[in-house]
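Notes follow once the structure below has been shown.
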Amino acid sequence: MRKIWVIILGTPHRLREPGKQSPDGRLKECVYGREIVCELKPKLEAYGLKVFTDYEPLDLPKDMQTANVARERERELRMRVDVVNQLCREYGKENCLYVSLHCNGSPPNDGKWHQPNGWQVNVGTKAGSQSKLLAGCLAEAAKDNGLYVRKPQKSQPYWPQNLYVLNQTACPAVLTENLFQDNLDDVDFLLSDEGRHVIERLHVEGILKYIERK
């Protein structure tokens, strides 16, 4: 019997998360990421994969919103992890992958343009071999599609990060940083038709590479 792979796509942040946009306001991370996820879903399904999204609305339900940014962020992250882990229980964690899509930003998040650029993939600080394999496959696909891949060291394509959605999910999980939202050239590329296609294509190809190597 053919194995059914379940791909869970993660959208970035929520509308109320401060500072997650380009300095000129053309690119809002929460909107851009959801658009890419929306485009990715049918492309992955065309390969026979079962695809879910961890959270589609732009903001939290009214009863989960609060003036306390840290508390609201915690509620959001817990909700996302609950969605992923419920799907892992339903389909088996060995059959599931979690790929959360984001855009990067340079500290100190001051609303100005900066120089750092490129594509990056993160794994959790507790990441196992399968998360690292998935990250490596996505990094290969990013490079194959002409992107500069940021690495912490030459032989390691993934960045260990203490991120709740990566450390607390039951299945292999990665978070992609799809160029910098405060680098003008990166933003221009991301918003172009070519850029959108590259970001979509690398995720499809990276996920398929992982499945082929299993």
Side-chain angles (χ1 to χ4, degrees), residues 2-15 17 20 27-61 76-77 79-104 119-123 130-131 133-142 144-145 147 163 165-166 169-179 181 189-214:
R2 181 174 175 270
K3 180 172 180 174
I4 297 176
W5 284 97
V6 175
I7 313 301
I8 308 153
L9 300 174
T11 58
H13 306 292
R14 64 203 184 286
L15 189 60
E17 180 72 26
K20 302 297 184 179
L27 187 150
K28 290 181 169 54
E29 185 180 6
C30 64
V31 175
Y32 185 83
R34 282 165 173 77
E35 291 173 350
I36 297 297
V37 165
C38 185
E39 293 293 327
L40 266 178
K41 190 172 186 293
K43 290 179 170 64
L44 290 168
E45 289 173 336
Y47 287 94
L49 307 175
K50 190 175 286 289
V51 185
F52 297 90
T53 304
D54 66 351
Y55 193 66
E56 294 182 5
L58 272 174
D59 230 328
L60 295 180
E76 173 206 357
L77 296 175
M79 179 183 62
R80 292 178 184 277
V81 167
D82 287 347
V83 169
V84 176
N85 287 343
Q86 177 56 42
L87 289 167
C88 288
R89 288 190 289 271
E90 184 175 349
Y91 291 97
K93 64 182 182 181
E94 68 280 1
N95 302 316
C96 297
L97 302 176
Y98 181 52
V99 181
S100 184
L101 284 81
H102 290 249
C103 293
N104 218 334
W119 185 93
Q120 177 176 322
V121 61
N122 301 326
V123 298
Q130 299 311 301
S131 292
L133 174 61
L134 175 58
C137 290
L138 286 161
E140 282 183 34
D144 289 345
N145 280 279
L147 296 183
L163 299 175
V165 294
L166 299 183
T169 43
C171 61
V174 300
L175 186 149
T176 60
E177 299 278 18
N178 295 284
L179 309 187
Q181 61 194 354
F189 181 74
L190 286 170
L191 293 175
S192 69
D193 288 342
E194 178 190 1
R196 288 177 182 270
H197 292 323
V198 165
I199 299 302
E200 293 164 13
R201 189 164 59 243
L202 80 86
H203 284 88
V204 172
E205 292 176 0
I207 289 168
L208 292 177
K209 279 178 185 286
Y210 175 87
I211 290 172
E212 288 168 2
R213 294 175 185 180
K214 288 296 292 174

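Contacts of N122 classified as side chain to side chain donor-acceptor pair (under 3.5 Å), with partners at least two apart in sequence or in another chain: Q120. For the side chain to side chain donor-acceptor pair (under 3.5 Å) test, residues two or more places apart in sequence or in another chain that qualify with H13 are H102. E17 meets the salt bridge (charged side-chain N to carboxylate O under 4.0 Å, His left out) test with R14, R73; sequence neighbours excluded. Residues that satisfy the side chain to side chain contact (heavy atoms under 4.5 Å, CB included) test with A141, not counting sequence neighbours, are L202, E205, K209. Here E94 pairs with nothing under the salt bridge (charged side-chain N to carboxylate O under 4.0 Å, His left out) rule; sequence neighbours left out. Taking the salt bridge (charged side-chain N to carboxylate O under 4.0 Å, His left out) definition, one finds that R201 meets it with nothing, sequence neighbours left out. Scored by the salt bridge (charged side-chain N to carboxylate O under 4.0 Å, His left out) test, R34 finds no partners at all (sequence neighbours excluded). Take E140 and apply the side chain to side chain donor-acceptor pair (under 3.5 Å) test, not counting sequence neighbours, and it matches R213. Legend: residues meeting side chain to side chain contact (heavy atoms under 4.5 Å, CB included) with K50, ordered by chain and number and at least two apart, are I4, V6, F52, Y91. Residues passing the side chain to side chain contact (heavy atoms under 4.5 Å, CB included) test with E194 are F189, S192, V198, sequence neighbours excluded. Applying the side chain to side chain donor-acceptor pair (under 3.5 Å) rule to Q130 yields the partners Y210, K214; only residues at least two apart in sequence or on another chain are considered.
Between E200 and R196, none of the side-chain N atoms (NZ, or NE/NH1/NH2) sits under 4.0 Å from a carboxylate O, so this pair counts as no salt bridge.
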